Number of protein chains: 2
Amino acid sequence: MTNIKDIAKMAGVSVTTVSRVLNNHPYVSTEKKAAVRLAIEKCNYQRNINAVHLSRGQTFLIGVVIPFTNHPYFGLLVEGISNEAVKNNYKLVLFQTNYKEDREVEALKMLQHKQIDALIICSRICNWDIIEEYVAYGPIILCEDTLGKNISSTYIDHYKSFSKALEYLHNKGHHKIGYCVGRKTGTNSKQRESAYKDFLYKWKEELKQNYIFYECFNFEDGEEIMQRLIKMNDPPSALLVASDQVAAGILTCCKEHNIHVPNELALMGFDNQPIAKVMNITTLEIPLTAVGRKLFLQAINSSIISHEEIAVKLIERQTV
Amino acid sequence: MTNIKDIAKMAGVSVTTVSRVLNNHPYVSTEKKAAVRLAIEKCNYQRNINAVHLSRGQTFLIGVVIPFTNHPYFGLLVEGISNEAVKNNYKLVLFQTNYKEDREVEALKMLQHKQIDALIICSRICNWDIIEEYVAYGPIILCEDTLGKNISSTYIDHYKSFSKALEYLHNKGHHKIGYCVGRKTGTNSKQRESAYKDFLYKWKEELKQNYIFYECFNFEDGEEIMQRLIKMNDPPSALLVASDQVAAGILTCCKEHNIHVPNELALMGFDNQPIAKVMNITTLEIPLTAVGRKLFLQAINSSIISHEEIAVKLIERQTV
DNA sequence: GTAAATGGTGAAACCCGTTTCAGAGCAAGG
DNA sequence: CCTTGCTCTGAAACGGGTTTCACCATTTAC
């Protein structure tokens, strides 16, 4: 393979000049520039990117940590990140963790080793102290509230939005409200839990543990929720579902079991995914592609630590 | 930052010896090994991966080209690739093309520049001659029939599987069969088209252009199909839908419009996604994660060109 | 007319590992 | 005792760019 030296020799200039042409630096005479260009074309010369990376200490690669690729929430988020990455000439390295801590650490290590310029963690599993060990090595951006921490983030205030949704359901006359979330221990779930508890406290309702459903991620998880609902003596009259997919799954099962929505069971989704629109599910809109865009921009403008709160919007449809 | 030289100095050995320790080469005395390990620990030394890449000419990065990240088909495919990548210590670089040709070319260029060790193209948009320009630079793996070409692939014979599905519908008494696919011009769509035409020819049915629906990718696309079906004087009695998502969308709209499935309209999906199971959609199962796994393995064992055909399986449920 | 700024150029240092190769020391084989 | 052959080691070449710095030649400024 031809390298920069060969080109320099062919064009009768120094490697410095070739480098300048390659990088569009000023101060190269038109003739030499032309000679270099010619040589490059003749040899079909291609820069060795790894050498560039080594030299510059930058790779134009941004790491993205997600638990699953096969989920519309993360699909949209990555789509948002990806679109902005294209615009800025960055590429994405995907880390699918399946919520395994060591996979997240691997991503952090890649940051440490300078193989990626920044790391966006869309759903964190590691403890804070581990993350904080790595902030020295490069920008880490999170998709959860990091206020007070020296880490940029774009996030949704899940306490606020959950409260909003609960009040909405309450106003619609619901007193027996349950909810479905993904991981029991995630930051978001904890925020939601405290919103839920505060809500119950405010309205003097008692907490029923079986009104809370964990590990709800996908459409098909709706089925199990339905099974559990059917068996209850005193089922909730409304469910706040932290994902439109799951809400859609529940709704589909309701139709099969002839449970009328919203009369017998009100459903409220999250995200405002396309499926929510088609199935007329009342939901809280999260502009996920916009979130992705912001996350990316924070990753490349890491000198400024910022915390961007994203507002959610209640979309009234026909399941409440 | 400390580098290998510093470590060598500290441990009182040569850089070669340090390198040997780092790479677990044999023939290093126990004492020197220990000294090096100690120095590494003391300095919290981290190899500069870019230097390793440059030196070795390998990055342990595999490129993956997909049109959208936000689609269950590609989600599952990437999941399969990703899981196998983890096992083999590779990372994935994601190229979301949105079916833009230049984005695919960018991925090919990264292969040329040695920034990735191999490239998996899950849905091709570029012409063959462009792809073939780049095969010299590194392994390119495709997810479509490349028989006769010098390019490895894992693929579904869409002619065969579409024919199978059409015959199945025919056996069930359907004579007015339409179909829905994604891109009009993709290889898969062309194979399906010819299967469809051959089927019509065999049974002496005439081709109705309005029985064919293009640009069907997502759940929400079901709605438009429904709108078009409603307006037809002589609508098809069965639809072969090249994606469970779209089938699910159509099915949901059917329920809204009180169109009985399968009596008034039979639906047959593709992929056997979870949603097909929940909604009881008859479908052709494609083991997407297995496909992903094979694609990855072909990418790293590129010395052997192979063509793996994946069998599809008809899953009978309640929409036909 | 002289000083300062600007355009243009290349040698050499730098980024940081891996790998080749030559050689030393020592034990086993004949 | 001599030859292999194995263990162990480091100097130096190599991968291939970017960047600093010194320097010369023109312009422009005053």
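Only this structure's heavy atoms are used, side chains among them; waters, hydrogens and symmetry mates stay out. Owing to the predicted nature of the structure, the values given are computational and were not obtained by experimental measurement.
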Relative to the ring of A:Y90, is the ring of A:F296 parallel (under 30°), tilted (30 to 60°) or perpendicular (over 60°)? perpendicular
Considering every strand and a 4.0 Å limit on heavy-atom distances, what is the contact class for B:T17: base, sugar-phosphate, or nothing? sugar-phosphate
Let me spell it out: for each of A:L54 and B:T30, pick the nucleotide of DNA chain D with the closest heavy atom. Which residue's pick is nearer the 5' end? B:T30
side-chain contact (heavy atoms from CB on, under 4.5 Å), paired with B:L77, selected from B:L295, B:I286, B:I120, B:T289: B:L295
Select base, sugar-phosphate, or nothing to describe what B:K32 touches, counting heavy atoms under 4.0 Å on all strands. sugar-phosphate
How would you label the contact of A:V18 with the nucleic acid (heavy atoms, under 4.0 Å): base, sugar-phosphate, or nothing? nothing
Using a heavy-atom cut-off of 4.0 Å across all strands, would you classify B:N23 as base, sugar-phosphate, or nothing? sugar-phosphate
Which of C:dG10, C:dT6, D:dG10 is nearest the side chain of B:V13? It is D:dG10
As a test of reading the structure: which of C:dG17, D:dG16, D:dT20 is closest to the side chain of B:N3, going by heavy atoms? C:dG17
Strictly below 4.0 Å, N to O, side chains only: are B:E215 and B:R183 in salt-bridge contact? no
From D:dT9, D:dG16, C:dG17, pick the nucleotide closest to the side chain of B:Y45? C:dG17
Need one value for A:R47: base, sugar-phosphate or nothing, where a base atom within 4.0 Å counts as base even if backbone is also close, heavy atoms only. sugar-phosphate
Nearest-angstrom distance from the residue atom CG of A:D6 to P of D:dC14: 13 Å
5'-most contact on DNA chain C (nearest-nucleotide basis), B:H25 vs B:A51, goes to B:A51
Along DNA chain C (nearest heavy atom to each residue), the more 5'-positioned of A:V15 and A:P26: A:P26
Salt bridge A:E104-A:R124, side-chain N to carboxylate O under 4.0 Å: no
